[in-house]
Amino acid sequence: MKYWKYFGITLIVILIDQAVKMLVHNGMDFGTAGQIKVFGDWFKLHYTTNPGMAFGMQLGSEYGKLILTSFRLIAMFGIGFYLYKLIQKKSHPGYLVSIAMILGGAVGNLIDSVFYGVWLNNAPFDAPNPWFHGQVIDMFYIDIWEGFIPEWVPLMGGSYTALWPIFNIADASIFVGVAIILIFQKRFFEDENNKESEDEVQKQFIDEKQA
């Protein structure tokens, strides 16, 4: 039961993420034509797809997407096993919730990459095959600023761009999970270190009593 408490959070994130993506895919027009303003001009729903990593970056080779998806698959199992071990160690509940949220976000986007090329036929036209080449669906658009970046700006200069990327539930879950860990890391890891110290003292006491 203790495992389902946290892996259940992961499952909830995955289900919400996939449900929202399906609603967007089936109920919105792609791109600017289907854009819906939620709060003025700064927060919109905007259906778009992301073929690569964060901010649309991609690995520059024919098998770049396959490599990225394979890495995500390995990372999913790694994070899942890490969460399992943390639950066994009875780590701080806040830390466990954060890792569960990160895992849910990772799995949510992995589903897009593995299956959407087949289920939704949204793999790029030049993909070797639809499996493992699906594009991630994004929809939340925080439009802080749009404009032309001067040529002298490194990396991004000479392009028309938006200050803030478009993201999805999975991305938000990962971001919130990481943010919570960064903000409360002292409390999370101090509690864990104190628990390990207490366990060591108890072990020494038992060893001395048995001797």
Side-chain angles (χ1 to χ4, degrees), residues 1-26 30 46-89 91 93-140 165-182 185 188:
M1 188 66 181
K2 63 180 180 180
Y3 296 105
W4 280 110
K5 179 180 179 180
Y6 297 104
F7 281 104
I9 294 173
T10 295
L11 181 60
I12 289 171
V13 170
I14 296 169
L15 292 175
I16 294 175
D17 174 66
Q18 290 299 307
V20 171
K21 287 171 178 174
M22 289 301 100
L23 286 172
V24 168
H25 176 74
N26 293 309
F30 191 84
H46 182 103
Y47 178 13
T48 188
T49 54
N50 176 4
M53 299 177 283
F55 305 103
M57 293 185 293
Q58 302 180 57
L59 298 177
S61 78
E62 179 181 353
Y63 299 101
K65 177 65 174 181
L66 181 61
I67 294 171
L68 174 61
T69 303
S70 299
F71 174 79
R72 283 173 169 166
L73 186 61
I74 295 170
M76 178 194 72
F77 284 108
I79 298 170
F81 181 73
Y82 180 58
L83 177 59
Y84 175 81
K85 299 300 288 186
L86 287 175
I87 296 171
Q88 282 188 325
K89 290 171 59 179
S91 296
Y95 188 49
L96 295 176
V97 169
S98 300
I99 298 298
M101 292 177 66
I102 293 171
L103 178 59
V107 175
N109 282 336
L110 178 65
I111 291 172
D112 298 27
S113 297
V114 174
F115 299 109
Y116 278 13
V118 177
W119 292 350
L120 306 183
N121 194 30
N122 78 350
F125 71 92
D126 57 348
N129 62 79
W131 290 104
F132 282 75
H133 288 84
Q135 299 190 76
V136 175
I137 291 179
D138 294 326
M139 73 291 297
F140 299 118
I166 305 173
F167 58 96
N168 56 41
I169 294 290
D171 298 328
S173 183
I174 293 171
F175 176 83
V176 171
V178 171
I180 291 173
I181 292 172
L182 292 176
Q185 58 180 313
F188 292 166

*CD1 of I111 to CZ of R72: how many Å apart, nearest 0.5 Å?*
12.0 Å

_Taking salt bridge (Lys or Arg N to Asp or Glu O under 4.0 Å) as the definition, give me every residue that meets it alongside D138, ordered by chain and number, with sequence neighbours left out._
none

*Evaluate the side-chain proximity of F7 to L103: yes if any heavy-atom separation is below 4.5 Å, no if none is.*
yes

*Heavy-atom pair of closest approach, residues T49 and Y47*: CG2-CE1, 4.2 Å

_Minimum side-chain heavy-atom gap M76-N109 below 4.5 Å_ = no

*Could you tell me whether a side-chain N or O of S98 sits under 3.5 Å from a main-chain N or O of G94, the two making a donor and an acceptor?*
yes

*Report, as yes or no, whether the 6.0 Å neighbourhood of atom CZ on F175 holds more than 12 heavy atoms from other residues, nucleotides or ligands.*
no

*H46 NE2 to F140 CZ distance, which is reported to the nearest 0.5 Å*: 13.5 Å

*Search all heavy atoms of P130 against all heavy atoms of G117 and return the closest pair with its distance.*
CB-O, 3.3 Å

*What heavy-atom pair brings S173 and G105 nearest, and what distance separates the two atoms?*
OG-N, 4.3 Å

*Flag the pair I174 / F167 as yes when at least one side-chain heavy-atom distance between them is below 4.5 Å, and no otherwise.*
no

*Q135 CD to N121 CG distance, which is reported to the nearest 0.5 Å*: 10.5 Å

Would you be so kind as to tabulate the donor-acceptor pairs closer than 3.5 Å made by side chains of residues 12-19, with sequence neighbours excluded?
unit_1: D17; atom_1: OD1; unit_2: K21; atom_2: NZ; d: 3.3
unit_1: D17; atom_1: OD1; unit_2: A170; atom_2: N; d: 3.0
unit_1: D17; atom_1: OD2; unit_2: K21; atom_2: NZ; d: 2.8
unit_1: Q18; atom_1: OE1; unit_2: Y116; atom_2: OH; d: 2.5
unit_1: Q18; atom_1: NE2; unit_2: G108; atom_2: O; d: 3.1
unit_1: Q18; atom_1: NE2; unit_2: D112; atom_2: OD1; d: 3.1

*In this structure, which one of V136, T48, I137 forms a side-chain contact (heavy atoms from CB on, under 4.5 Å) with N168?*
V136

*So, for M101 and G177, which heavy atoms are closest and what is the spacing to 0.1 Å?*
CE-N, 4.3 Å

_Interatomic distance, I9 atom CD1 to I102 atom CD1 [nearest 0.5 angstrom]_ = 12.0 Å

*When you measure from the side chain of T69 to the backbone N and O of F132, does any donor-acceptor pair fall under 3.5 Å?*
yes

*Starting at CG of L73, measure out to CG of L110 and round the result to the nearest 0.5 Å.*
5.5 Å

Solution key, residues 81-88 side-chain donor-acceptor pairs under 3.5 Å, sequence neighbours excluded:
unit_1: Y82; atom_1: OH; unit_2: Y95; atom_2: OH; d: 2.6
unit_1: Y84; atom_1: OH; unit_2: Q88; atom_2: NE2; d: 3.3
unit_1: K85; atom_1: NZ; unit_2: Q88; atom_2: OE1; d: 3.2

*Rounded to the nearest 0.5 Å, what's the gap from CG on D171 to CE on M139? Could you check?*
8.5 Å

*L11 vs V107, side-chain contact (heavy atoms from CB on, under 4.5 Å): CA-CA, chis, key distance, verdict*: CA-CA 9 Å; L11 181 60; V107 175; over 6 Å; no

_Under the criterion side-chain contact (heavy atoms from CB on, under 4.5 Å), I'd like the reasoning laid out for L120 against M22: C-alpha separation, chi angles, the key distance, then a yes or no._
CA-CA 10 Å; L120 306 183; M22 289 301 100; 3.7 Å; yes

